[in-house]
Amino acid sequence: MATKAKKKVRKKKNNLLMIAVGFAVFLILSVIGGYFALLYAGDRMIAENEQKLKDLRTEPTVIYDKNGKEMTSLIRQKNREYKPINEMPKILINAFLAVEDKRFFEHKGIDMVRIGGAIINDIKKGSLAEGGSTITQQLARNVFLTLDQTFWRKTKEMSIAIGLERRYSKDQILEMYLNRIYLGEGEFGVEDASNYYFGHSVSSEKFTIAKAAMLAAIPKAPTTYSPFNNPEKAKLRRDTVIRLMYEQGIITEAQKNEAQAEPLPTEPTEVAGASLKKGYRAFFDHMVEEAEAKYGVTEEELYRGGWQVYTTFDPKVQDAMIAEYANAKNFPKDGAKRGVESAMIVVDAKNGGIAGMMGGRNYAPKGFNYATDMKRQPGSSFKPLAVYAPAIDTDSKWGPNSSLSNKKQSFNGYEPRNYNNKYSDSVSMNRALIDSLNVPAVWLLNEIGVETGINYLQKFGIELAPEDRNLAIALGGLSKGTSPLKMAQAYTAFVNGGVMSEAHTITKIENKSEGVVREYEGTQTAVLKPQTAWAVHTMLERAVQEGTGKAARISGRHVAGKTGTTQSIAGDSNVNKDAWFVGYTPEYVGAVWMGFDPEDKQHLMRQGSSLTAQMFSKVLAAGLKGVKATDFVRPDGVVEEQPEEEAVEPLQLAADLTLDNNQLKVVLNWIGGAADYTYDVYRVKPNGERELIAEGWKDTTFVDALNDPTEYRYVVVPRNAQGEEQTPSPITSINSQSLENLIQAGETHHEDSNSQVQIPDGTEADNGDGTIQFPPNFGGGNDNPDNNGGQSGGQGQNGNPGNQGNPGNFGEIPPDIANPGNGQPGGFTGGNQQPVQPADGAQQQTDPFGTNGG
């Protein structure tokens, strides 16, 4: 029995051994078969596409605008220069080997050590983007494969690399690689890149170790490590390559130190994207970033060619921006060393497609984009988002006719002030928004709770810092701020019945030869009830018709929107740090910002948001020329709340003397009256006789050109919609103080961009189009963009400053919010929450409590 048992055990062991041997043989055969399969697959792909190795040119990538017309193509029209390896300096080759593939001459196309490390890192990170490819694999990927990051793609890459190593010598592979590698700014190959970055060939005597290291540093992240795009990061990366060259014995320590001390190149010899029209670059750069972020198509892949990118770009809108941004008269006076910065973005009101953008007055390719990257306090343009929309949306008791407190008061020590220094027991929400009053907005946020406002801002896509949990957000007092892109995107909700559309630039991107087609899937978020959106819209439309946004009006078109200013922390109460206008027509939403960056004593902006509102008006008027005007569409089922009758304020008139082109002119400004009033303007002669100089005037500003030295007085007579005469303004004498100030300063005032004044028939316009720009003359406060209390500082003839801060007839208007340190903690009442004083930002000197009403 024992013998039989032993035989059974022995037989069982033999069976297990046979199975193990069989499995081992199977694995070996599988590996061998897999290897030969890889070789076969690689050889086949190379044979089918070998011409790609020889032909460095391909079909260009074409970018189309919203109309399907070509905006630009990305491959240069010049031929790329192919550089034989025997004409390349050894130091250049060694630089690439040191950082990209130091075991290049040892492996057969695949470096298993690097591949293993890459796989481990991919598993740890849960991604497939880790490097580890050899130079041969990179060549295989660049020539033969599509953009998908998959394990199967990696397998094909490896098989092609093995095939390349069997078919070509190491020097041939290096030569092809160094002539195909993408080196940023649309440059492929070391020869073209050297000519672009350094202005000479790689074979030049001027080509140094540092330059070789710079080229070798770029491929890891061409946009990030471009010496023109990110000099600091580029130098760190370059110096790392130099250090690796030293550690690998390629250069000496003395050469290392000398190379790391060499400065980077500073100016390109030509602009990337040579066919791109000047002024289109900010949009183009943002589109390239979006292509990679949303569709996985990198800049390198776009520049390699073969792609068609369909965008939301509207050349008419962009060209209008370019034209207006080229006119210095549209901006405040320059500071001692630099001008005011500005940004603008326009998006489709319905779908959020970006029609155009100005990333700054002097936007540099791939530079800081003020339209998308900037964070500045939005001032009163924030009120609809942070206060009025949340209040109406959360409780039916709030609406445009609701009564809000307008008493001068303290909220736990935080004392907001109205720009006009006028207060009352109450005011309607409608009137509070139209006139951009600060106290009612803060009072209402205190009523609904700061947390409610914050929750809605998050829905609108506005990022807040923890220290923003206070009442200052009612007036746009954020510790960091926001961008024109975010503001324009948020305002799309007021056009679309409460649905916010994501801002984007690409509608479709495809590569037919690679079989890749990717389309934009619209991202729309319901943030408000339709009733709420329409209620806020009606108030914003009135703000443009009769309130602080009058300068944004466009003849023959419906416009709604809101101004915003923030108070300077470097200057006095007559100075603005930021000026905004965010508004829309039925077709487009636009956001405009202006301000010094940074602001300091030598760079103070004495104009307000009339300039930004005017920029909106001019750009949209030109951009929509030829487009049929339409009205805003009220959402289905929404009932419009009729505004209550409001008491009409009596007219108050100011008449200020100025000098333009050596001609005396009187700038008349008045406040009060009703939205539907027209005005008759009279000179009053010394004998009391009245002389009509304008009839049926619709604006609240008028310029009278004086052809004789008579010391007139003036009176304005309003008429209602039925033509009935209403209570006239007081008869007002000319105030010549502002002109005297100019004469004493030895400067001649030409124009100030703070208000646009229509010249009546019979008078001369200095710019040939019937308009002239003059300063507001109700001095003191810097917060009324409609000239009813703004200072008259500004841009004089040939860049000379205008009159600075004439008090006019209404005395000084204090800022709405004092600067930190004046005992204004900015807290809120209720609950256990404590007021938080946001810290100033180092770059922008942010002051969340220095926010004006405009």
Considering only NZ, NE, NH1 and NH2 on the basic side and carboxylate oxygens on the acidic side, decide whether [X] and [Y] come within less than 4.0 Å.
| X | Y | answer |
| --- | --- | --- |
| D65 | K316 | no |
| K550 | D699 | no |
| E299 | K366 | yes |
| E502 | K294 | yes |

Backbone N/O of [Y] and side chain of [X]: donor-acceptor pair under 3.5 Å:
| X | Y | value |
| --- | --- | --- |
| T61 | W307 | yes |
| Q489 | A503 | yes |
| W580 | G379 | no |
| T532 | A389 | no |
| R361 | V340 | yes |
| S617 | R553 | yes |
| R557 | L620 | no |
| H603 | K337 | yes |
| D348 | N351 | yes |
| D578 | T566 | no |

Of all heavy-atom pairs between [X] and [Y], which one has the smallest distance, and what is that distance?
| X | Y | answer |
| --- | --- | --- |
| A629 | G556 | CB-O, 3.4 Å |
| T492 | A349 | CB-O, 4.1 Å |
| S483 | M374 | CB-O, 3.1 Å |
| P384 | V536 | CB-CG1, 4.0 Å |
| T372 | M357 | CG2-CE, 4.0 Å |
| Y520 | T523 | OH-N, 3.1 Å |

Determine whether [X] and [Y] make a side-chain contact, defined as any pair of heavy atoms from C-beta on separated by less than 4.5 Å.
| X | Y | value |
| --- | --- | --- |
| F283 | M71 | yes |
| L302 | I509 | yes |
| K562 | T548 | yes |
| K350 | V495 | yes |

Test V681 against W670 for side-chain contact (heavy atoms from CB on, under 4.5 Å), laying out the working first.
CA-CA 11 Å; V681 183; W670 55 94; 4.1 Å; yes
Check the pair E185, S226 against side-chain contact (heavy atoms from CB on, under 4.5 Å), reporting the backbone distance first and the verdict last.
CA-CA 8 Å; E185 307 293 344; S226 163; 2.9 Å; yes
Check each of V582, T538, L385, V589 against F494 using the side chain to side chain contact (heavy atoms under 4.5 Å, CB included) test, and report the only one that passes.
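So the option named by the test is L385.
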Take a 6.0 Å sphere around CD of E463 and say whether it holds more than 12 heavy atoms from other residues, nucleotides or ligands.
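It does not: E463 CD has 12 such atoms or fewer within range.
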More than 12 heavy atoms from other groups under 6.0 Å of CG on N67:
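Result for CG/N67: enclosed.
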In sequence, state the C-alpha distance, the side-chain angles, and the governing distance for F284 and L74, and then conclude on side-chain contact (heavy atoms from CB on, under 4.5 Å).
CA-CA 11 Å; F284 172 81; L74 299 192; 3.3 Å; yes
Ignoring hydrogens and angles, state whether a donor on the side chain of [X] or [Y] is under 3.5 Å from an acceptor on the partner side chain.
| X | Y | result |
| --- | --- | --- |
| S380 | K383 | yes |
| D319 | Y280 | yes |
| E292 | T298 | no |
| N330 | E324 | yes |

Kindly compute the distance separating [atom1] ([X]) from [atom2] ([Y]), expressed to the nearest 0.5 Å.
| X | Y | atom1 | atom2 | value |
| --- | --- | --- | --- | --- |
| K66 | I354 | NZ | CD1 | 13.0 Å |
| N496 | T525 | CG | OG1 | 11.5 Å |
| T585 | D631 | OG1 | CG | 11.0 Å |
| I506 | E290 | CD1 | CD | 4.5 Å |

Indicate the ring-plane relationship of [X] and [Y], choosing parallel, tilted or perpendicular according to the 30° and 60° boundaries.
| X | Y | answer |
| --- | --- | --- |
| Y584 | Y491 | perpendicular |
| Y325 | F331 | perpendicular |
| Y370 | F368 | perpendicular |

Could you go step by step and tell me if F382 and I462 meet the side-chain contact (heavy atoms from CB on, under 4.5 Å) rule?
CA-CA 10 Å; F382 217 49; I462 307 293; 3.7 Å; yes
